[in-house]
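Just so it is clear, the values below take in all heavy atoms, side chains as well, and ignore hydrogens, waters and symmetry mates.
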Amino acid sequence: MDDTTLRDHGVKPTGEARVLLLACGALAREILDILNTAGWAHMDLKCLPAILHNSPADIPNAVRKAVEQHRTTYEKIYVVYADCGTGGLLQQTCDTLGVEMIAGPHCYSFFEGNVVFEARGEMTCFYLTDFLVRQFDAFVNEPLGLDRHPELRDMYFGHYTTLVYQAQTDDAELTAKAKDCATRLGLDFERRFTGYGDMQRAITSWAKA
């Protein structure tokens with residue numbers, strides 16, 4: 001499973017389990033690690049393309065279509081997305097469909113833990129996860145045009161002070177790449193090991209339901 005596939009196509013489910021986790025492609029590796037480590041073979045995974053995050057208004061409809069497509073195949077479907085910039089529309093969609101989604105405004109919050117993240121009240125931090133470090137160019141550099149117009153950097157990031165790398169894994173290579181991302185954006189660097197945070201707790205709860 002490569003990051004380009006997760007970014008552009010997502011992950012197809014096997015159709016051989018009772019419970020479906022419908023998630024963002026940016027979370028695929030982490031979710032599969034949780035399922036494989038726990039041995040939860042009764043849970044299947046479908047991921048929508050991670051690139052949907054570049055057009056968050058499209059996420060609710062994509063989730064709705066996926067739930068409707070797979071509803072008759074699985075006993076239960078859970079949505080492993082936070083609000084993710086949909087302005088509450090994803091929650092409304094899930095409520096209408098009768099499916100539960102993960103709590104939180106975005107993955108940065110639930111990876112760190114929603115309570116902890118909210119308590120920090122950080123206003124000048126720019127966050128990256130493992131996936132976003134690997135896909136920095138596709139999700140940050142190129143969409144903002146920094147690859148073509150580096151002079152725009154300060155316009156976009158002038159009000160930020162720190163790039164916070166929320167590490168899901170201990171990976172020296174990813175940490176080095178995250179530091180390089182901070183340098184490219186002209187920001188201080190901080191690494192926080194979060195693991196899987198509230199996402200793991202939610203999936204554990206759903207697995208035992």
Please find the pair of heavy atoms, one from [X] and one from [Y], that lie closest to each other, and give the distance.
X	Y	value
A23	L45	CB-CD1, 4.0 Å
P105	A82	C-CB, 3.8 Å
C125	Y160	O-CE2, 3.4 Å
P56	G85	CB-O, 3.7 Å

Review point. Would you call the rings of F111 and Y196 parallel, tilted or perpendicular, where under 30° means parallel and over 60° means perpendicular?
Key: tilted
Practice item. Classify the ring geometry between F117 and H106 as parallel (under 30°), tilted (30 to 60°) or perpendicular (over 60°). Key: perpendicular
Point to revise | T175 versus R191, side-chain donor and acceptor atoms under 3.5 Å | key: yes
**Study point:** E112 side chain to Y127 side chain, donor-acceptor N/O pair below 3.5 angstrom
**Key:** no
Check your understanding: Would one find more than 12 heavy atoms of other residues, nucleotides or ligands at under 6.0 Å from atom CE of M155?
Key -> yes
Pairing of [X] and [Y] as salt bridge, 4.0 angstrom limit:
X	Y	answer
E173	K177	no
D188	K179	no
R29	D3	yes
E118	R120	no

How long is the gap from [atom1] on [X] to [atom2] on [Y], to the nearest 0.5 Å?
X	Y	atom1	atom2	value
L174	C181	CG	SG	9.5 Å
D147	D137	CG	CG	7.5 Å
E68	H70	CD	NE2	11.5 Å
L132	T129	CG	OG1	3.5 Å
R153	L187	CZ	CG	7.5 Å
L27	I102	CG	CD1	8.0 Å

Can you find a heavy atom in the side chain of [X] that is under 4.5 Å from one in the side chain of [Y]?
X	Y	value
Y81	H53	yes
F157	L146	yes
L22	V80	no
Q168	F193	no

Exercise for review: Show the numbers, then the answer: is there a side-chain hydrogen bond (donor to acceptor under 3.5 Å, both in side chains) between R192 and Q166?
Suggested key: CA-CA 5 Å; R192 297 176 189 165; Q166 295 180 321; over 6 Å; no
Practice item. Spell out, yes or no, whether L32 and I34 are grouped together once hydrophobic residues are joined by side-chain heavy atoms under 4.5 Å, including indirect joins. Key: yes
Review point. Transitively linked via ILVMFWY side-chain contacts under 4.5 Å: V164 with M199?
Key: yes
Practice item. Step by step, work out the side-chain hydrogen bond (donor to acceptor under 3.5 Å, both in side chains) result for D180 and T183. Key: CA-CA 5 Å; D180 179 66; T183 299; 5.4 Å; no
Exercise for review: Keeping the roles fixed (side chain from D83, backbone from G104), state whether a donor-acceptor pair exists under 3.5 Å.
Suggested key: no
